[in-house]
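See below for the structure under consideration.
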Amino acid sequence: MTASVAVKPGQQAPAPIARSAWWRSRLDGATTPTRLGLLLAVLVLFSLAWGVLAGLTASQHASAAADVVAVSEPLSLDAEQIYTSLSDAGATAASAFLSGGLEPTAARQRYEADVAQASIKIEAASALAGSSADAAIGNDLAALSKYLPVYTGEVATARADNRLGFPLGAAYLRETSTLLSGTLLPAASDIYTRESALLTSASAQATGLPLVVVAVLAGLGLGYVLLRSSRWLARHTHRVVNYGLLLAALVGLVSLVWLAGAFALGRADLLHAQQQGSVPAQAFARAEVAVLQAHAYESLTLIDNSGDDIYQKDFVAEQKLLGPGPGTLLGAVEASTGNSDVAAQAQAWFQAHARLRGQDNAGAHADAVQSAQSGAAATTFGKLSATLTEGIGARQDVFASSARSGRDTFTGLAIGMVVAALVMVAGCAWGLSRRLAEYR
Amino acid sequence: VNARPRPWRRALVTVLAASGLALGTAAAVAAPGHPSAAPAQAAAARAAACNPEASSLRPSGAPQVTSGSFMAKIRTRGYLIAGVDQSTYHFGFLNPLTGQIEGFDIDMIRAVAKAIFGDPSKVQFKAISDAQRISDITNGTVDIVAHTMTITCQRLQQLDFSSVYFESHQKVLVLKNSAATSLASLHGQKVCATTDSDSVTKIQQAKAVAVQVPYWTDCLVDLQQGDVAAVSTDDSILDGLAAQDPWTKIIGGALTNEPYGLAISKQHPEFVRFVNAVLQQMRTDGQWKQSYQHWLGTPVPNPPQAQYAD
């Protein structure tokens, strides 16, 4: 078959738009097989480009979501637990020294559980930190690994001296408190702060719009090109439907809907994980850290035994940070969870603490110690601390399940986009090569 | 050398040092001078006349709570407030086994409480650091301080002391394997003392580097951890530290005499006389010797004889 399409003379005239003049003149001068070949090349190129763009978009979001679930979230959880177990170990060790006589078995067990928890979490965090984007976290973890044994060694020395009835034990206890609040807790808190920032940015990356918008626009553009191509084919080849191009268009549509749908669902899950999970969990965690710190100061003031001292000032400072009220830590808990029990429980503890200080300052040191160890101050602190711990746990569960489901919506998406693009390439090639064959 | 950072302690020491300095300056400014003489001359005259061993006020017979006196005020309140040490073994320390503050200094306070109330337990102990001793007396936070406190002419300008109830001597504590023989042989090395104690001055005079901490037991921690080469202070305090670590020894001859007194505000001379009457009773009825034997062991010396300024 040697049929050729006649070239209309009018089209040889200068093109109205200068920009398209060159390729239009070349195309207009070309034969139909050349035009078909060119169209095939353009469609293949566009399909491949779409595959690369969509695959890249999918893999970017999938890896950011996976990062949230696999690295940032567990690392900030580990850091939070390192911090709380170390603070609790410090407060427990201090209050065990308060009682006089042998330290209570329960206190000793609680201290040991805290130290075990802290070292397990330091190890877990160290294993994850290699994948973290922030190198300072590695230094913090190295400091924790280095000084935790020094800390436990000093507590053991304090305990041994205490058992011998030596006041030297109290000096070692002061030393442990210095090491804890000067070195260990700042390192743990630094990891937590940095990891929370990374979590927020990974979350933002996973839920960010720009790349997806570009991909969707590109997909729509490709659809338009396919539509125009089939209409051109229909006009020039007198066939209503080109099944190859139809296949390519359908696959393209499916992949576009899949990409946009997966992103919309995943984004909703991840935002839910953030708003109902990590934000309130962080608010609870910050409040718990301040509560544990204040509790240690309560014990240290009683151990110091010199009235309202420097530790009591520290307690008051923590109390101010806690609130409740707008702009305070408990205010943040209430704002993000609607939980008002925490504020009431904190008030109850602060009142018990004020009564305890009153007793101590009026000469009833033994009554104050009793309140701190098993009386009103101990009970109200215990309730508050338990509520905060539960709150952290519940919100972290919400975060974990939502973030996981968010991550799972991206499963297979990148591969799917690449496969779809290849099918589209194949569809275009098949559809157009059959037309091309008609000219040979 | 342990290179671990101790920002908290350093900050605390700095704060204590600064507040001590401010206090010293304030006291120097506020020191009452004779109206007709230049203050500097008056201070010089007092310093020349000062004898720490005989600086207190004479009691008049047995201790009596006279109406309108400071003792009567304390009795109305219901308890005596005493500033004490809780970290100096055998003198004033928190016994971890009982949770009570005990020691030789504490026995002196119990005797004063017994003389006021007929009950030695009517005391509120306030554990204070060396640096707080003078300020807590001058601002009235405590009624009396029993805190291994040396009577010095400088301190006598700010507070009153009871008659001497214990004599100690400045010495040096080192690890058993140390080659040092005296404070002078520790020239250029780190030696520990509590903030604002007179030991700091003596360490600096011996050209050693003074490391200042809040409590004497903190010095033993530093010595055990190798942060300092020695601790220098009164032998009474060093004996208590050595009793908590058999790998230490006390070296050096008696550098100085350190007469201990109970510190009381200058505003309550009647209370000074009352406390001196209590101490006099303890010297004569065997209580002093009994307490010495219980806390410091044998041989028990005779109690220091009371000398008075008036």
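Since we're looking at a predicted model, the values are computed, not measured. Order of the sequence lines fixes the chain letters, A, B, ..., with proteins taken first and strands second; residue numbering starts at 1 for each chain.
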Please check this pair: side chain of B:Q244 against backbone of A:F166, looking for a donor-acceptor N/O pair closer than 3.5 Å.
no
What part of B:L241 gets closer than 4.5 Å to chain A, counting heavy atoms only: side chain, backbone, both or neither?
neither
What part of B:Y79 gets closer than 4.5 Å to chain A, counting heavy atoms only: side chain, backbone, both or neither?
side chain
Please report the shortest heavy-atom distance between [X] and [Y], naming the atom on each side.
X	Y	value
A:G165	B:L97	CA-CG, 4.0 Å
B:T217	A:L168	O-CD1, 3.6 Å
A:N361	B:Q124	O-NE2, 3.6 Å

With a 6.0 Å cut-off (strictly less than), is the heavy-atom count around [atom1] of [X], excluding the residue itself, greater than 12?
X	atom1	value
B:Q290	CD	no
B:K114	NZ	no
A:R163	CZ	no

Does any non-hydrogen side-chain atom of B:Q225 lie less than 4.5 Å from one of A:E154?
yes
Is there a side-chain contact between A:R174 and B:Y215, using heavy atoms and a 4.5 Å cut-off?
yes
Atom CD of B:Q224 and atom CG of A:D161: how far apart are they, to the nearest 0.5 Å?
6.5 Å
